[in-house]
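Letters go in sequence order (proteins before strands), and every chain restarts at 1.
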Amino acid sequence: MDKDLLRQCLTYHGESLFNKLKCEQTENPDFQAVVSDLCKATYERGEGQGSPLVEQFIARKADILFCPSWKTTTLQEEEHEEEEEEEEATEPCAIMPPLELFMEVSYEERRSMLYRDLERGDIVVGRINNIREYGFFLTLLCMAGGLKRDIEDLELSCLCHIREIPSTGSHDDPLSYYQIGDLIRGGVKDIDRYQEKITVSLHQASLSPSLKHIKLGVITQEELPIHYSRSVRAAADSSETYEHILSRCHGYHNPSVVDYLLKKVGISDTHPPSMMRGLQSKLFQEEDFASAIRKKQSASWALKCVRAGVDHFKHGHHVEAMNEYNKALEIDTNNVEALVARGALYANKGSIMKAITDFELALESCPDHRNAKKYLSQTLVERGKQFEGQEKLVTAEGMYRRALSLDDSNPEAQEALHKITDTIQKSIRLREEALAKEQVKAKGSQTSAEKLRKILKEEKRMKKKQKRSASSTSSSSSSSRSTSSSSSSFSHRRSKKKKKKRRRRSEHGNKRHRRISSRESRKSEEGKRDTKEKDEDEVEWYPAPPNTSATFLNLKGGLEFGERQEEEGRNAEDKRICQLYSLSAASEDEESDSSRRERKRKDSRTRRWKNSRSPDKQEKRSSRERRDTSRERGKNNNRRDSDSKRRNLDENTKRRVSCSSAESDYSRKSSFHSEYSRHSGSAPRMRHDSSKRSSFDGGRCESRGREEICEVEEREKESIEGGAAEENSRSDRHSKRSESAGSQSGSTSAPQARPKKDLPANLLDIFNQIAQFEKEKGVRPKK
Amino acid sequence: MEGPSTRLCASQAGLQSLADRRDSSGDAESDPARDMKTHFRVCRFIMESGVKLAMRSVPVVTACVLYHRFFERASLCAYEPYLVAMSCMYLAGKVEEQHIRTRDIINVSHRYFNSGSAPLECDKDFWDLRDSVVQCELLILRQLNFHVSFEHPHKYLLHYLLSVKSLVNRHAWSRTPIAETSWALLRDCYHGAMCIRHTPQHIAIAMLYLALNSYGVELPVGDKEWWQVLCEHVTKADIDAVISDLLQLYDMEAKCI
């Protein structure tokens, strides 16, 4: 209990209240603690000062009234002073003249009240009535901050010493700025309560902290406080009553005046005070509040929806289940159960990313949710398998590890992690082997152009062989290839099975042919068989006829990561189709020739694609460009995975290399020209000569083969350079590299398949071609 | 009046659970003292719910005034007071632009009557209750002829507080919780119909008077008392009447609850 307050009250009410208090508060230990002190208090007034009912009320409510926690105002008191100036301008509440003006309190009383209540730091406004060499004197008009009193007629005079006037520096006498009659706003510096003397300062520092922002010095008539001008009017006109002024005030009609003033006087409206015992704020429990109940209710309603959804789910009504889950989440965002259930449904539907998001959200708000952990773990394993499929082994490994960290008893994750670490190591080993092989091959192939031609022929033969046995699965091939094929199968999941098969076949071809070629380089004596094989090649390998382009265009539908093999596979397929259609080589040749010319014309084109031999090449090209963009997209997808970024970069550079080589192959850049001429003499000139084409083609093929080998070498070097990278990523990259290398060789060899096919060395072929050509001549005019 | 009241009776069935604690004031004989007690309880319900709904003081007292004005014209036997109170809160929220959702009102009320109970399910009962509240709101509007905005003593009191504050020494003022006390008294006086019997200014002055009196704070006296200045026509008798009404309410608290 606040002893001082209680004493003040007792002094006012007298002994009767004390008696009542003793009666009412007998059980209050707080009162008992202070009662002895209060006994000593002297009661100035006699009995019967207030009404007994009021005293009874005070006595009964004394524990509330005098409770120290009852007053909350004290702390906020100071802050609100700051708003005074702003209040003047906007008047959020009515600014009233001082009450004593209306009460007509006597001069003496007001004067003594002012000297009692005025404090250092308050602001007064006065008019200069006298200027002396040591300062000037003010007659006070009104208060302007800190205290609000009617002082105009109190004849208060105060001194502002010259020391208290801030000097501007340029003039020696600061007083020269001031004239008699100026309105001055100044801070109270000192009050002598006995001598009734007030001194004023114009230094900002003299103000109390809450009033610091108010500028001191000369003010205009307009700058006088509002309450002063109102009180002047009220003093002049007796009809201007308090009530009248109040109802006319702008601020009085402010709709939020109550809220504003509550803040100003420091009363909390969310925990309002009450004298009623049943409404004491301590009796209110947090869980009875509307927000708490609503929260609980929303959770339970959401749970109901989740239950309904789970029922739907069990009956296989997935759409209804999803609707229920979404409804639950609408009622209660971040409802853990709903998120887990929806995540499970997403996972079921294959939307693994969405599922992971949901599980993660659920775990965010409830980190120990068992099901959420379990499901997330499982989903991460799924995701990991996807990554594995995409050949992002490290990312996949990360997924498995995370899955294990969430649920260390997840056998699937453990198994998958084991497997993937094995795969990674294996792929490193295989990559190294492949590297070694390629190096050998490169060495061998460098020996002579003659040898190279043989190699290329052999390659083609092997490819063809592969094609024959195309139905076989790729599982038998090396792990690096299996990963690559699986990755591509993932990216083309949506594409037709047939296409997949084809691609796989071609992959075999590519792979095989490269390997064979390396073998061949070592065993060059197999040249004889080579020619035989080549014959077969010529018979079988025909480029795609114009009409087939459309068919495989259609197949390109949902390409994501159109890897090079895919492209190659299509080339090979084209040829196969061509063969099926049994189009003549001559016609093809002619076309290729024309297209070549066209290519030359359109040298400026950035994209150059190899098998642009059909008349409707334009269309094809555009389609290829489309495919290219899709591939680009695929690349972007890849890039999303942080750890595959580097690998991608490598890949990109490689791709660029291959691309440029291919381009140079076909666009016949000047640099390449020279190389060409080196190999095949007057090749450029002969190009247009159809009769001599065959011989030229041979040279070209040779040069191309050489080119390819150089490229392979280059890549090899690159891969060796990159080999110093960290273990994991290296293995990953290796596998990728092997794939890309394979694709590269394939990419270069596949287009070469065409020129190779019309190798001039093979007489049979020439005859064939001539025969076909003759036939064609009749049908189409030569270009 | 017939239409809504019969419909309300139908929906009252859904509210039966809420009215469990309601005493037998609906009996034929309308004892004023008993009615007063009922109103006290219902107003207490409004106050408590207001706090739980985080309503500001003005909407809460608007709800109380709506309630008292409604039963000024209607009999307690005819209408379920708690339902009326709920609708009053809902309507007051609209009038004072602090919209309260019916769902929250129903939730808080349900918990008030069945303390510690689980929140209501989203079923037919809930929607029936909601319908009752909305229907009853219409009933109140019609009963009051759509006069639903009132002048409250609150802004008078706050302005008076500011004026009186500058009369008192600032240290004495900050030591004495006059603002809180007068605000508490003002809120408490809405437990009874006194809030509609007296003019807002008189209530405000009386509350301030009682608060000053309780702490023994003395204001300077000139030719006029401070309260005479604040409101021209107020007399000491008016103030005493308000205070005695209020003190009666405090006495009733012990008897009712």
Top of Met276(A), Glu104(A), Met113(A) for chain B proximity - count of heavy-atom pairs under 4.5 angstrom: Met276(A)

Pairs of heavy atoms under 4.5 Å with chain B: top-ranked of Met143(A), Gln56(A), Lys61(A): Lys61(A)

Partners passing salt bridge (Lys or Arg N to Asp or Glu O under 4.0 Å) against Asp269(A) (at least two apart in sequence or in another chain): none

Residue part contacting chain B, namely of Glu109(A), when any heavy atom lies under 4.5 Å: side chain

Heavy-atom pair of closest approach, residues Val60(B) and Gly50(B): CG2-CA, 3.9 Å

Donor + acceptor pair across side chains of Tyr242(A), Ser163(B) (<3.5 Å): yes

Option in Ile243(B), Leu246(B), Asn169(B) with maximal non-hydrogen atom pairs under 4.5 Å from chain A: Asn169(B)

Top contributor to chain A contacts, counting heavy-atom pairs under 4.5 Å, from Leu249(B), Leu120(B), Leu185(B), Leu161(B): Leu120(B)

Taking only distance into account, with no hydrogens and no angle test, what donor-acceptor pairs under 3.5 Å do side-chain atoms of residues 282-291 of chain A form with protein atoms, sequence neighbours excluded?
{"residue": "Asp288(A)", "atom": "OD1", "partner": "Arg111(B)", "partner atom": "NE", "Å": "2.5"}

Engaged part of Ser256(A) at the chain B interface, taking heavy atoms whose separation is under 4.5 Å: neither

Which atom of Phe66(A) lies closest to which atom of Ser214(B), heavy atoms considered: CZ-O, 3.8 Å

Options Glu225(B), His191(B), His154(B), ranked by heavy-atom pairs under 4.5 Å with chain A, top entry: His191(B)

Contact class of Thr270(A) relative to chain B, heavy atoms under 4.5 angstrom: backbone

